[in-house]
Amino acid sequence: MRNIFCIVLFLWSTMVPALGADTHGIDFWRAIAKNKYAIPDGESADSLARELSRALASPNPELRDDLAYSILHRWIVTPGTLTQQSLE
């Protein structure tokens, strides 16, 4: 299962457009992790996942390894969190 997740995550991150301006700071992502990975009110899991996939290329190890990877992992393995379109 872990290998499948890694492959999906890699393929998904390669399909995301080049790094763009992130709209959320690291404190936003820390709050999501602290809140058991719940999607904040008024936010879209799909758009947040796209932003997080760009963070996988961040030079900041906390953002890249601790936050982006763990949040994306939780959202990908939790049924109904992301739409099929966001994974394509």
Side-chain angles (χ1 to χ4, degrees):
M1 183 68 172
R2 180 173 166 83
N3 289 338
I4 292 171
F5 168 73
C6 290
I7 291 168
V8 168
L9 190 57
F10 171 76
L11 291 174
W12 185 32
S13 67
T14 61
M15 291 184 262
V16 174
L19 291 173
D22 290 336
T23 58
H24 297 96
I26 196 164
D27 289 334
F28 177 82
W29 304 114
R30 286 177 183 146
I32 288 176
K34 187 176 181 177
N35 196 26
K36 301 179 184 176
Y37 305 99
I39 299 155
D41 291 339
E43 297 285 350
S44 160
D46 292 343
S47 63
L48 292 176
R50 284 185 204 89
E51 185 176 337
L52 278 173
S53 67
R54 292 188 300 271
L56 293 172
S58 173
N60 180 329
E62 179 188 9
L63 177 59
R64 181 188 63 235
D65 304 333
D66 297 339
L67 297 169
Y69 182 84
S70 63
I71 294 168
L72 282 171
H73 174 264
R74 178 66 64 94
W75 290 353
I76 288 170
V77 299
T78 303
T81 303
L82 298 172
T83 65
Q84 183 63 32
Q85 292 173 335
S86 67
L87 298 173
E88 293 177 348

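Basis for what follows: all heavy atoms, side chains included, without hydrogens, waters or symmetry-related copies.
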Chemist: Once you round to the nearest 0.5 Å, how far does NZ of Lys34 lie from CG of Asp27?
Modeler: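 Reported value, rounded in 0.5 Å steps: 11.0 Å.
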Chemist: Is there a side-chain contact between Leu82 and Asp46, using heavy atoms and a 4.5 Å cut-off?
Modeler: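 Yes - at least one pair of side-chain heavy atoms lies under 4.5 Å apart.
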Chemist: Would you check if the side chain of Ser70 reaches a backbone N or O of Leu67 as a donor-acceptor pair within less than 3.5 Å?
Modeler: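 Yes, the answer is positive, given that a donor and an acceptor are paired below the 3.5 Å cut-off.
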Chemist: Does Asn35 use its side chain to pair, donor to acceptor, with the backbone of Ala38 at less than 3.5 Å?
Modeler: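 Not at all, since once roles are kept as given, no pair shorter than 3.5 Å links the two residues.
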Chemist: So, the side chain of Glu51 versus the backbone of His24: is there a donor-acceptor pair under 3.5 Å, distance only?
Modeler: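 It does hold such a pair.
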Chemist: Hey, could you give me the CD/CZ distance between Glu62 and Arg30, rounded to the nearest 0.5 Å?
Modeler: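 Rounded to the nearest 0.5 Å, the CD-CZ separation comes to 4.0 Å.
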Chemist: Is there side-chain contact between Thr81 and Tyr37, with at least one heavy-atom pair below 4.5 Å?
Modeler: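 In short, these two side chains do not touch, never coming nearer than 4.5 Å.
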Chemist: Any side-chain heavy atom of Pro61 within less than 4.5 Å of one from Asp66?
Modeler: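 In short, these two side chains do not touch, never coming nearer than 4.5 Å.
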Chemist: Could you pull out the closest heavy-atom pair between Pro40 and Phe28, with the gap in Å?
Modeler: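 Reported closest heavy-atom pair: CG-CZ, 3.8 Å.
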Chemist: Under 3.5 Å, is there a donor-acceptor pair between the side chain of Arg64 and the main chain of Ser58?
Modeler: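 Looks like yes, one N/O pair under 3.5 Å.
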Chemist: Where do Trp29 and Leu63 come nearest, in terms of heavy atoms and distance?
Modeler: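 Nearest heavy atoms, Trp29 then Leu63: CD1-CD1, 3.8 Å.
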Chemist: Less than 4.5 Å apart, side chain to side chain, heavy atoms only: is that true for Leu72 and Leu56?
Modeler: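 Yes, at least one pair of side-chain atoms sits under 4.5 Å.
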Chemist: Got Tyr69 and Leu52 here, is their nearest side-chain heavy-atom distance under 4.5 Å?
Modeler: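 A side-chain contact under 4.5 Å is absent here.
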